[in-house]
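Written out below as structure tokens is the structure these notes cover.
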Amino acid sequence: MLLLFLGRLFFLITLTQPQQKVLIQDLRTELDRTEDVKRKVELYCELSKAHNSINPKTTISYGNKAVALAKEAGDDKLLAQAYNETGSGHYLLGDIDKAVQFYYKALRIREKLGDPSDLSASYNNIGNVYADQNNHKEALPLYKKSLSLATTAQDTLRIGSALSNIGGVYLDQGKYDLALVYYREALPIQEKLDDKQGILISLINIGDAYNGKNDYQTALSYFNKAHQIANDLGSSHDEVYVLRGKAESYLKAGKYEKALDNALASMELAKAYEGKYVLKENAAILDRIYTAMGNYELAHYYLTLHTSYSDSLHNERAADRIAQERVKYETAQKDKENLLLRAEQELNLRKLEQRSIVQYFTVALLLLVCAVAYVFFRGRQHQSRINKLLTQKNELIMHKNEALNQHQKALTEQAEQLNIQKEKLTQLNTIKDKLFSVIAHDLRGPLVALKGLLHVMAMGKVPADKQEGLFNSLVKGQQNVLWMLDNLFDWARAQMEGFEVDPKPLPLRELADENIRLLQPVAGSKEVALNNTIDPSLVGSADKEMIRLVLRNLISNGIKFCKAGDTVTLSARIHENQVLVSVKDTGIGMTAEVQQKLFGGGSYSSRGTANEKGSGLGLALCKDFVEHNGGSIWVESAPGMGSTFMFTLPCPAKPDEEDNTTPQHLSQKETAQLELA
């Protein structure tokens, strides 16, 4: 959650609470003794920063003193820093419109000075305001600009902060894997700087991302590490976020008592801190916990509290103030551009005057050249005749060279054709080797077994009471061999002939029922239940035969790794303007290492719970078919937790639908982080 970044920005100085008090006392002592005006401004800014974790109102008070004294000293760099610190105090108290005013004042000054590190801080702060208003479309470019400026300045501290902010945007948008990429890129930077506070915040951010992925066990491991660091630092403000993250994990795990204990502890710490953001988020999770526990009276109380804080934080006045300050900033930029244009016009006029003088001299010089040229004209006629003879000889040589080039080009084209044919032969030879390998190892075994069963039955040596079981084994083995052959031939044809996709509106429920009927005997023999929960009205756009094979392989794969009493469930829904289809089983699951091998360039196969054997081509073929239909396929699994295979398909185009539609966003949370100058 981006709100967590408030702590990251305000606590860049990794001090424990006693150390902070000592620092504040030392700053006050030096302030009383110094007579240097600029040094006093710096001390006021440092005192403002030091009070972020103690009292934001004191932050504003020292910031205002720094602003007044910086104006008196006439130091623009210090004035920008003072504006930034004052804006941070207002932001902590939830006073967005005042925070925006101070941030843009700091940005205007820093644009003139051109320091990339300071500009990175200002763009980061303004990005936080947009993120707080859930306007990620505006916030993300500002964070990326902040990252670019910090990289230019080689400011590793602000690089880490910008990476965390970008990750926070993707976290709010529900893109948890992308958020984790940025968080894990920020964490090593903070560890290298030994930035304990930054490490703490990154651990909490990663925990929140795993909570979003419903991986509460991994989330708890990160929150526990963060809790230890928060205790070491003595930072009760950060402990608020750690406890709230743990409460979220326990709520997802269904451990409501532990969730309630952590949430209430977080709320008690948050009450000592006057920021509205912290109280709003804590009220929200308490509402959810009490609702899950059935205590609707307390749930209603915290829901009301959450709503009141949300209403005070998100109002039209704040949004209008952001727009007004942005217009002022852009207007000032355009005024600068107009001044530059006028200066450029004056320069162009001067250049035109100089160019006229040059033109006069040029005309005179041309006349002189013409006179000289006439003098040499007669002599050059003789030279021209000689040159004509040389030209004829050169043309003859060129014709011969051209003939040689043509011959060389023909040889080159022949060599290229031979290389292409060689590559095709190599590819076909690889496919042939794969076919022979599968036929030799994966098809020969089942066929030999079938032959043995048929031989025993033909000799009449099978008792009557065991014949039914042998027949079932015969049917099951024959069906597995047929499916293996289908996958093998489809794979070979796709490799040699390529794909020809024929997308049409596809009723997914009907296609799923068809595959369930086909696979029901196999599932019944293993006592595995097949459920189809797909809405009959849900329609995708894809090649029917390809998706039929995809569903058959995924359902068969689910049955393969289920035990007696397990279930394979098919479901589908609309997600981000695509149809998301899920095949979920309650079987034995798989490790992360196995998941990485499933959709690789080669094939991977393992035996099922009943020692079933596959060719390893089914999932590779599923991946090719889904991607050629404009979708993607992936798996989510854990050992002992079952597996969920998911793939997406395009929705059928509607006649009245615009080409450029706006994708639906996932739920957005209240987010913000401040950056120190």
Side-chain angles (χ1 to χ4, degrees), residues 1-7 55-57 89-100 128-136 168 171-174 204 207-208 211-212 214 216 223 236-322 665-673:
M1 80 183 43
L2 284 175
L3 182 56
L4 181 57
F5 297 150
L6 282 168
N55 189 341
K57 291 183 179 179
H90 285 293
Y91 195 85
L92 269 175
L93 291 177
D95 194 351
I96 300 298
D97 55 342
K98 288 186 179 179
V100 168
N128 290 338
V129 176
Y130 280 109
D132 175 62
Q133 300 296 318
N134 291 326
N135 189 348
H136 299 117
L171 179 68
D172 275 11
Q173 294 176 339
I204 300 174
D208 283 338
N211 266 341
N214 291 321
Y216 51 83
F223 286 129
S236 58
H237 175 77
D238 291 309
E239 194 173 4
V240 171
Y241 296 101
V242 176
L243 291 169
R244 190 166 69 221
K246 293 174 73 173
E248 179 73 24
S249 296
Y250 284 124
L251 177 60
K252 289 180 178 290
K255 299 178 181 179
Y256 302 129
E257 293 296 336
K258 287 188 176 182
L260 182 60
D261 291 342
N262 283 276
L264 289 173
S266 178
M267 192 65 168
E268 286 300 316
L269 291 173
K271 288 179 180 178
Y273 191 78
E274 296 186 31
K276 297 177 183 178
Y277 299 99
V278 181
L279 295 171
K280 178 180 75 70
E281 293 292 328
N282 280 29
I285 194 168
L286 281 167
D287 163 46
R288 292 167 53 207
I289 294 172
Y290 278 119
T291 299
M293 297 176 70
N295 190 338
Y296 300 108
E297 182 178 355
L298 285 175
H300 177 71
Y301 167 77
Y302 283 106
L303 177 61
T304 304
L305 186 64
H306 170 76
T307 303
S308 65
Y309 284 125
S310 296
D311 291 341
S312 64
L313 287 170
H314 295 285
N315 52 72
E316 293 183 359
R317 183 186 176 195
D320 291 342
R321 175 62 67 183
I322 295 172
H665 292 286
L666 301 176
S667 58
Q668 299 172 332
K669 300 178 289 183
E670 189 62 36
T671 57
Q673 176 195 11

Checklist outcome for this item: In this structure, OH of Y256 is separated from CG of N295 (nearest 0.5 Å) by 13.5 Å
Item to check | Min side-chain heavy-atom separation L171-D208 under 4.5 Å | outcome: yes
Item to check | Closest approach of D287 to A299 (non-hydrogen atoms, all atoms of both residues) | outcome: OD1-O, 3.0 Å
Next on the checklist: I'd like to know if the side chain of K252 reaches the main chain of N211, judged simply by a donor and an acceptor atom lying under 3.5 Å from each other, with no hydrogens or angles considered.
Outcome noted: yes
Checklist entry - Nearest heavy-atom pair of F223 and I204: which atoms, and what distance? => result CE2-O, 3.6 Å
Checklist entry - Which is it for Y302 and I285 under the side-chain contact (heavy atoms from CB on, under 4.5 Å) test, yes or no, and what are the steps along the way? => result CA-CA 9 Å; Y302 283 106; I285 194 168; over 6 Å; no
Checklist entry - Does a side-chain heavy-atom distance below 4.5 Å link T304 with Y301? => result no
Checklist entry - Would E248 and R288 count as a side-chain contact (heavy atoms from CB on, under 4.5 Å) if you check the C-alpha gap in whole Å, the side-chain angles of each, and the deciding distance to 0.1 Å? => result CA-CA 9 Å; E248 179 73 24; R288 292 167 53 207; 2.8 Å; yes
Checklist entry - Do you know the tightest heavy-atom contact between S266 and V240? => result OG-O, 2.7 Å
Next on the checklist: With heavy-atom distances below 4.5 Å as the criterion, would you say the side chains of L286 and L260 are in contact?
Outcome noted: yes
Checklist entry - Quick one: does H306's side chain have a donor or acceptor within less than 3.5 Å of a partner on K280's backbone? => result yes
Checklist entry - So, for A247 and A263, which heavy atoms are closest and what is the spacing to 0.1 Å? => result CB-N, 3.7 Å
Checklist entry - Any sub-3.5 Å donor-acceptor pair from N262's side-chain atoms to K258's backbone N or O? => result yes
Checklist entry - Do Y290 and Y296 touch side chain to side chain, with heavy atoms closer than 4.5 Å? => result no
Item to check | Spacing of CD1 belonging to I289 relative to CD belonging to E257, to within rounding of 0.5 Å | outcome: 10.0 Å
Checklist outcome for this item: Shortest non-hydrogen pair, G89 vs P56, comes out as O-CB, 4.0 Å
Item to check | Residue pair L298 / H300, side-chain heavy-atom distance below 4.5 Å | outcome: no
Checklist entry - Do the side chains of R244 and M267 get nearer than 4.5 Å, heavy atoms only? => result no
